[in-house]
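First up is the structure itself, then whatever we jot down about it.
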Amino acid sequence: MTRRYDEVMSLSLRRGFIWPSVDIYGGFAGFYDYGHLGAMMKRKWEDLWLRYFLGLSERYYLIDTTNILPYKSLKASGHVDHFTDILVKCSGCGLSHRGDHLVADATGKSAEALGTQEIDTEIEKLNIRCPKCKGTLMPSTEFNMMFPLSVGPTGTDQAFLRPETAQGAYLNFKREFESLRRKLPYGLAIVGRAFRNEISPRQGTYRMREFIQAELQIFFNPGTFDDELDFESVADEVIRISFEETKEDGEVEGIEAGDLLGRLPKFYVYHMAKMQQFYLDILKVPRERFRFAELGEKERAFYHKLHFDIEINIDSLGGWGEINGIHYRTDHDLKGHQAGSNEKMTVNVGGERVLPHVLELSFGVDRNIWAFLDVFYEKDDRTVLRLPKEVAPITLGIFPLVSKEGLPELAREVYDSLKHDFSCFYDESGSIGKRYARMDEIGTPYCLTVDFDSLKAKDVTVRERDSTDQKRISIDGLADSLRALLKDEEPA
RNA sequence: GCGGUCGUGAUCUAGCCUGGUUAGGAUCUGAGGUUCCCAACCUCAUUGCUCGGGUUCAAAUCCCGACGGCCGCACCA
């Protein structure tokens with residue numbers, strides 16, 4: 001692991017962002033807890049995400065759905081059958097292989113639909129041996145990545161923890177279509193937990209067994225969606241993109257959204273542009289650390305017609321890491337639930353019956369939080385976390401210059417007047433420089449200091465984190481001045 | 001899951017090979033002092049050998065197991 005990983009993790013542990021769950025019992029692989037700073041940062045990230053993506057359309061809405069889903073619904077979605085791997089272990093060298101891959105290699109046909117018994121039969125019939133050492137293979141075992149649960153007193157109602165939040169949107173599609181007055185397109189956002197029994201969780205919060213997704217599922221009429229978007233507003237956006245053929249080289253092209261239309265559908269490019277703007281314009285992620293990366297046919301799920309990941313160059317994880325995805329899921333999901341539930345999912349819009357298609361904007365919240373801790377962490381003379389103001393867990397540090405002669409009292413007054421409107425932190429211990437340093441380290445964008453002049457002039461100094469520049473602002477109207485400052489406007 | 005490697009206060013680490021005084025240092029944190037703007041300084045204080053067995057008169061140190069971290073393989077619809 002890199003030194004940067006250790007530094008970021010050390011900061012995170014020390015100050016209270018993230019740490020392993022159940023730490024006092026030695027930890028629990030694949031599970032992490034958020035401390036008081038991490039939890040606040042995550043909440044703010046989610047709020048910002050929600051405001052931005054719901055703001056993309058007056059027809060995008062937030063819903064909230066259950067973490068536990070019954071067998072039937074996940075059978076219909078394909079997760080019961082396809083979210084599994086059939087593993088075959090070699091009795092000689094002990095290596096595990098995927099059963100369907102072994103059979104597919106021997107027959108030249110996809111074996112994805114076969115069960116464990118069928119795989120075993122095929123292996124015997126075709127006399128398949130370990131590709132590594134030619135040893136004999138043991139009976140196959142099934143491994144489903146979903147966590148099974150028994151619901152109810154008899155335990156006969158089989159269920160699972162949801163492997164993705166997306167299903168909640170599909171399951172509620174019809175209800176919301178009615179509530180939202182039978183119009184397309186519309187979108188359902190869910191911010192919530194998903195669970196996957198990863199074989200080998202690694203790299204901190206990058207691959208977890210319980211994680212948080214922020215997803216927007218957009219239901220649309222594939223025949224008309226392109227014309228329902230204001231594509232002109234994003235046509236000039238230079239999209240940073242790596243296609244399948246070149247992404248391994250780390251090559252990133254800059255292509256105007258308008259020029260991608262020959263290669264990708266309009267609605268898809270439009271949302272790519274909006275996602276990119278969220279990162280580059282709102283969150284101020286350095287441009288060179290951001291890209292879309294195309295997934296090839298073998299990498300993506302069979303029902304993802306188009307799949308690009310958003311990757312951030314994360315030094316502590318050794319380079320480009322996937323944090324989000326934009327998936328064109330076609331009508332796969334609604335079609336599956338239509339068949340599984342016998343509920344008709346086609347809807348009547350503009351005089352025709354359509355089975356809506358789905359565009360999924362999917363964000364890994366924990367991965368974003370880690371990426372931000374990494375990307376904005378800087379250590380040379382001082383340690384500064386240059387977090388976007390909106391996601392910094394604490395917005396204002398409020399201090400008396402020294403803790404005597406009436407300064408703490410006035411500083412307390414300032415604190416009390418702001419504490420309900422901003423995330424504030426009051427401190428009077430140690431030297432002023434120490435207190436600034438502590439705030440820099442956790443990304444606090446502004447510190448207000450009450451000094452001796454403040455007593456007469458009724459003002460405070462405002463110190464900016466990145467530049468350490470200071471200016472004086474009157475206590476009268478302070479909240480409004482700070483609001484302006486936080487929006488990058490000049491205070492009144 | 002397999003193989004390798006590692007696990008010492010909140011954080012980073014010395015000690016382990018060669019078992020034996022009170023487990024040392026730095027940072028951090030708390031209290032007090034000092035202090036008119038960027039981790040200053042002084043005094044005092046809190047917190048530790050991942051867990052469980054075993055060997056031994058004696059285990060942070062040696063052995064076994066578990067748990068966890070990292071790396072490689074596999075996996076990541």
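Any value given below was found using the heavy atoms of this structure, including those in side chains, with hydrogens, waters and symmetry copies removed. These numbers were taken from a predicted model, which means no experiment stands behind them.
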Pick base, sugar-phosphate or nothing for A/Gly204, based on heavy-atom distances below 4.0 Å to the nucleic acid.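 Contact class for A/Gly204: sugar-phosphate only.
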Mind checking A/Phe399 for me? I need base, sugar-phosphate or nothing, with any heavy atom below 4.0 Å counting as a touch.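 No contact.
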Mind checking whether A/Arg207 and A/Arg196 have side chains closer than 4.5 Å, heavy atoms only?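 Not in contact.
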Hey, does A/Phe290 have a side-chain heavy atom less than 4.5 Å from the side chain of A/Asn313?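 The answer is no; the side chains never approach within 4.5 Å.
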For nucleotides 36-43 of chain B, 5' to 3', base contacts (B), sugar-phosphate-only contacts (S) and non-contacts (-) with protein non-hydrogen atoms under 4.0 Å give BBBBS---
Complementary nucleotide of [N], counting Watson-Crick and G-U pairs under 3.5 Å:
| N | result |
| --- | --- |
| B/A26 | B/U11 |
| B/U43 | B/A31 |
| B/G65 | B/C51 |
| B/G3 | B/C71 |
| B/A60 | none |
| B/C16 | none |

Take A/Glu428 and A/Gly27, find for each the nucleotide of RNA chain B with the closest heavy atom, and name the residue whose nucleotide sits nearer the 5' end.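 So the residue in question is A/Glu428.
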Could you pick out which residue, A/Arg209 or A/Tyr303, lies toward the 5' side of RNA chain B when each is mapped onto its nearest nucleotide? A/Arg209
What distance, rounded to whole Å, do you find between the two [atom1] atoms, one in [N] and one in [M]?
| N | M | atom1 | result |
| --- | --- | --- | --- |
| B/A66 | B/U27 | C1' | 33 Å |
| B/C28 | B/A39 | P | 11 Å |
| B/C64 | B/U5 | P | 12 Å |
| B/G3 | B/C62 | C1' | 24 Å |
| B/U35 | B/A26 | P | 26 Å |
| B/A60 | B/U21 | P | 10 Å |
| B/G30 | B/A10 | P | 15 Å |
| B/G69 | B/U11 | C1' | 16 Å |

May I have the distance from [X] (atom [atom1]) to [N] (atom [atom2]), rounded to whole angstrom?
| X | N | atom1 | atom2 | result |
| --- | --- | --- | --- | --- |
| A/Tyr25 | B/G52 | OH | P | 12 Å |
| A/Met9 | B/A10 | CE | P | 16 Å |
| A/Met145 | B/C75 | CE | P | 12 Å |
| A/Lys305 | B/A77 | NZ | P | 21 Å |
| A/Arg202 | B/C2 | CZ | P | 13 Å |
| A/Glu198 | B/G1 | CD | C1' | 14 Å |
| A/Phe28 | B/A66 | CZ | C1' | 15 Å |
| A/Tyr32 | B/G68 | OH | P | 11 Å |

Could you walk me through whether A/Trp49 and A/Phe363 pass the ring pair (Phe, Tyr, Trp, His ring centres under 6.0 Å) test, one step at a time? CA-CA 9 Å; A/Trp49 180 87; A/Phe363 297 73; 5.6 Å; yes
Between A/Glu122 and A/Lys125 (salt bridge meaning N to carboxylate O under 4.0 Å), is one present in this structure? yes
Face-on cation placement of A/Lys305 at A/Tyr328 ring, 6.0 Å and 45° thresholds: no
Hey, does the Lys NZ or Arg CZ of A/Arg386 hover above the aromatic six-ring of A/Phe376, less than 6.0 Å from the centre and inside 45° of the axis?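 Because its charged atom misses either the 6.0 Å distance or the 45° angle limit, A/Arg386 does not stack over A/Phe376.
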Ignoring the backbone of A/Leu13, work out which of B/A77, B/U11, B/G30 is nearest its side chain. B/U11
Can you tell me which residue among A/His327, A/Arg300, A/Arg329, A/Glu294 is in a side chain to side chain donor-acceptor pair (under 3.5 Å) with A/His307?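 Between A/His307 and the candidates, side chain to side chain donor-acceptor pair (under 3.5 Å) is satisfied uniquely by A/His327.
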Side-chain donor or acceptor of A/Arg207 under 3.5 Å from a matching atom on the base of B/C76?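 Between B/C76 and A/Arg207, which were checked side chain against base, a qualifying N/O pair under 3.5 Å is present.
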Where A/Arg289 and A/Ile314 come nearest, the two heavy atoms and their spacing: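 Nearest heavy atoms, A/Arg289 then A/Ile314: NH1-N, 4.5 Å.
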Derivation of the ring pair (Phe, Tyr, Trp, His ring centres under 6.0 Å) call for A/Phe173 and A/Phe219: CA-CA 8 Å; A/Phe173 166 75; A/Phe219 301 95; 4.8 Å; yes
